[in-house]
Structures are given as structure tokens and as C-alpha cells.
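Here is how names work: the chains are called A, B, and so on, in the same order as the sequence lines, proteins then strands, and each is numbered from 1.
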2 protein chains.
Amino acid sequence: MEAEERKTPARLLGEADGVPGEWLEPRYPIGQAAAFTDVPADTLRYYERKGIMTLAGRTPGGARRYSELDLEKIACAHWLREAGVPIDVIRQLTALRGQGPQTASGRRALLVAHRDELQRRRDRIEESIDAVEEKIAKYDRIVEARR
Amino acid sequence: MEAEERKTPARLLGEADGVPGEWLEPRYPIGQAAAFTDVPADTLRYYERKGIMTLAGRTPGGARRYSELDLEKIACAHWLREAGVPIDVIRQLTALRGQGPQTASGRRALLVAHRDELQRRRDRIEESIDAVEEKIAKYDRIVEARR
DNA sequence: GCTTGACTTAAAGTGAACTCCAAGTTCTAG
DNA sequence: CTAGAACTTGGAGTTCACTTTAAGTCAAGC
């Protein structure tokens, strides 16, 4: 057992290797994938159930093996989640991506809709910040008056 | 029955009336309070259970009656919720407010903490927007290339 | 007195996104 | 070959903030 877990597969480091298609090899068990992507294994299985990950390769025995491309897809899905995109929308994006390049404009539309939503969310937060600052200022005056 | 429900109690319109302390009168039943504040009656009871509303006045029969001050407190709590402040934090603020003015600096600290949290949240969203825009641009190039 | 509608309570249900568990199977190092 | 770590599955549990339900009480108009 190593002192420190290796956290990044070659592809993510940009170490292009000679064998073409090598990063499509289903190589990484779920625990490694979890460590690489920082997404818990349970969550990876959950994403799969929810249909936002097309199934990675399996060993004859049935254990999942992720390729480096799969890891990138996971990273992308997880990133979208962190950006607040609901699983449902990610599923739609994934489904469209699976249907080939003619769905590109549909996917673009989904992303534009989400960007607009994000902007609205940011604007609301901005307003909240302003209002909270005002309240803080009010407390400053109160605290000041009591000294 | 009126054609249009009256949505705002006098105090919120700024119609100061002659009788001092009048806006402390527990006057409005929960349905009215809900209409005024745009917070469903169920949610008002829920807030009360959660301890983020000190109990409003009651009729002899046990029905809640809200004063205009209560309505302002509701508006404040609801606004904090919309700003993403968890119920728990609102409860702390409410509790501190109930303990008098010497807790003002404590309340200020809670608000500052929340403002910082909001700023972090806004910054994350900002990053997400940038990233989504980048993805959109990528799709633009794809869609362009296919024409 | 009776109906209607607004109110009361405790408790259960909802939905999103995980997160954990039990019991069994597979993989891997020695 | 075997011990034990890592994996499999289906399903239950968790958290948050409500939301709904069931069963009953209260106040006003006819």
C-alpha cells in the first residue's frame, strides 16, 4: 500500500502516450475513479442509475471499469452539478450527446437556458448581499451607539 | 367577497396612523398574513414550529392573529430564506434578537458570516457562468462548422 | 340551528440528491 | 489456494424545506 494515493490518470495530466485509443481502455475500478474525480463511488453508481453516465466497461465478473474518457465525462457531469444544473437537465444533455452531432444546437439551447438561470441566480444573490450589507451597517450603528 | 384581495397592511404602505402602538395589535388572521407577505399559511406555521417566529397573538379560541410588526418579521425571515440563509441560522438570529440589544454584535457576526458565504456562492456561480459560456462558444463553433 | 369557510393540531408525505447498509461476489497479493 | 480488500446489488435512511392530510374546532351569515 502506497503512502499517498495517485490522484490523476495520465490523460488528465496531459501525458499523451503513444498508443492511440488507449484512454478509451476501461481500466479504472470504481474506487480509483472516485479518487481521481473526487466523486464518491456511491454517487457514481447513483449517477449511473439516474442515466447521466452511459455504462462504463465491466469485467467478466461484473465490476465497473472506467476509461479515462469516462473519467472526463464524470468530471463534466460533476462540474455541471456543482454549477447547480439539476440531474434531470444533465440527463437530457447526456441523452442528446448520445444521439450524435446533429443535436448540438439542442444542447447549446439547454446550456444557454442554464446560463440565463445562473445569471438570474447570481443577480438575486447580489441583491441579497447588498441587503445583508445594509443590515450589517445598521448593526454597526447600533454597536457603535452602545460603546 | 371582494374582486381583489387587499395585499398590504397599512404599515407596509407607510400610512402611519395616529394611534401609537397600533401596529403591534394582533389583528391579522393567518390567511391575511399569508396574503400580505406572500408566504403560504402552512409555511408560517412551519416557521413557527421551527422557532423562527415568536408566537403571534391568539384569539380566545386559539387562532393566530398577527400584528403588523409580526408581518415585518415574517417578511424579514422569508427574505433571509430567499437569500439562502438556512432556517437554523435564522433561528439563531431570532433567538439573539429575543435576548435584547447586547446581542447585536453577535447578530452582526452571523450576518457577516452569511454575507461571506453569499459572496463565495456568487463567485462560484460566476465561474460556472464563464465555463458555461465557454461550452456554448464551443457549440457555436460546432453548429457553425456543420452549416 | 345549520352550513360554510377559515382556522387548529400532529403526523405523514414529497422531492432532490445523495448516503449508507446488508449480504453476497470478485479481484488481487502472497 | 486463501485471506481480505474491493466490488456488486437492491433497498432503506438522511437532510432540507416544505406541503399535504386527517380529523377536528370556531365564527359568521342565513
Side-chain angles (χ1 to χ4, degrees), chain A residues 1-2 5-6 25-53 55-66 70 74 76-94 114 117 121 124 128, chain B residues 1-2 5-6 26-53 55-66 70 74 76-94 114 117 121 124:
Chain A
M1 206 176 286
E2 305 271 309
E5 195 76 39
R6 192 159 157 267
E25 285 280 302
R27 217 193 313 241
Y28 304 99
I30 196 165
Q32 300 267 307
F36 290 155
T37 61
D38 226 16
V39 181
D42 270 327
T43 304
L44 290 179
R45 296 195 197 93
Y46 170 74
Y47 282 175
E48 204 176 299
R49 277 202 304 285
K50 280 292 187 174
I52 75 179
M53 276 294 301
L55 192 58
R58 299 277 184 133
T59 64
R64 290 169 183 79
R65 286 299 124 98
Y66 294 84
D70 289 332
I74 292 166
C76 176
H78 189 232
W79 171 82
L80 287 169
R81 273 298 301 126
E82 299 229 297
V85 184
I87 295 237
D88 230 49
V89 173
I90 301 178
R91 204 177 29 61
Q92 288 174 62
L93 280 169
T94 308
H114 183 62
E117 169 61 28
R121 213 179 288 179
R124 272 203 306 281
S128 300
Chain B
M1 205 176 284
E2 304 272 311
E5 195 77 38
R6 193 160 157 266
R27 219 194 313 243
Y28 304 98
I30 196 165
Q32 301 267 307
F36 291 154
T37 60
D38 226 18
V39 181
D42 278 328
T43 305
L44 291 179
R45 296 196 197 91
Y46 170 73
Y47 282 176
E48 205 176 297
R49 276 204 305 285
K50 281 293 189 172
I52 75 177
M53 275 294 303
L55 193 57
R58 299 279 184 135
T59 64
R64 291 170 183 78
R65 286 298 121 100
Y66 294 86
D70 288 333
I74 291 166
C76 176
H78 189 232
W79 172 83
L80 287 169
R81 271 300 300 128
E82 299 228 298
V85 183
I87 296 241
D88 228 48
V89 173
I90 301 179
R91 203 178 30 62
Q92 288 174 62
L93 280 169
T94 308
H114 182 62
E117 169 60 29
R121 213 178 287 179
R124 270 204 308 280

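Rounded to a whole Å, the CD atom of A/Q32 is 13 Å from the C1' atom of D/dA5. To the nearest angstrom, C1' of D/dC7 lies 14 Å from CG of A/L55. Computed from coordinates, the B/Y28 OH to C/dC7 P distance equals 15 Å when rounded to whole Å. Rounded to an integer number of Å, the gap from A/Y66 OH to D/dT8 C1' is 12 Å.
Among residues two or more places apart in sequence or in another chain, the side-chain hydrogen bond (donor to acceptor under 3.5 Å, both in side chains) test is passed with A/R45 by A/D42. Partners of B/Q92 according to the side-chain hydrogen bond (donor to acceptor under 3.5 Å, both in side chains) rule, which considers only residues two or more places apart in sequence or in another chain, do not exist here.
Note on residues 79-91 of chain A: pairs passing side chain to side chain donor-acceptor pair (under 3.5 Å), not counting sequence neighbours, are A/D88-A/R91.
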Report summary line: B/S/- along nucleotides 9-29 of chain C (protein heavy atoms under 4.0 Å) is B-------BBBB-----SS--
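Within the model, atoms CE of A/M53 and CD1 of A/I74 stand 4.5 Å from one another, a figure rounded to the nearest 0.5 Å.
Ring geometry for B/F36 versus B/Y28: interplanar angle over 60°, hence perpendicular rather than tilted (30 to 60°).
Within the 4.5 Å cutoff, the side chain of A/L80 has no heavy atoms near those of the A/I52 side chain.
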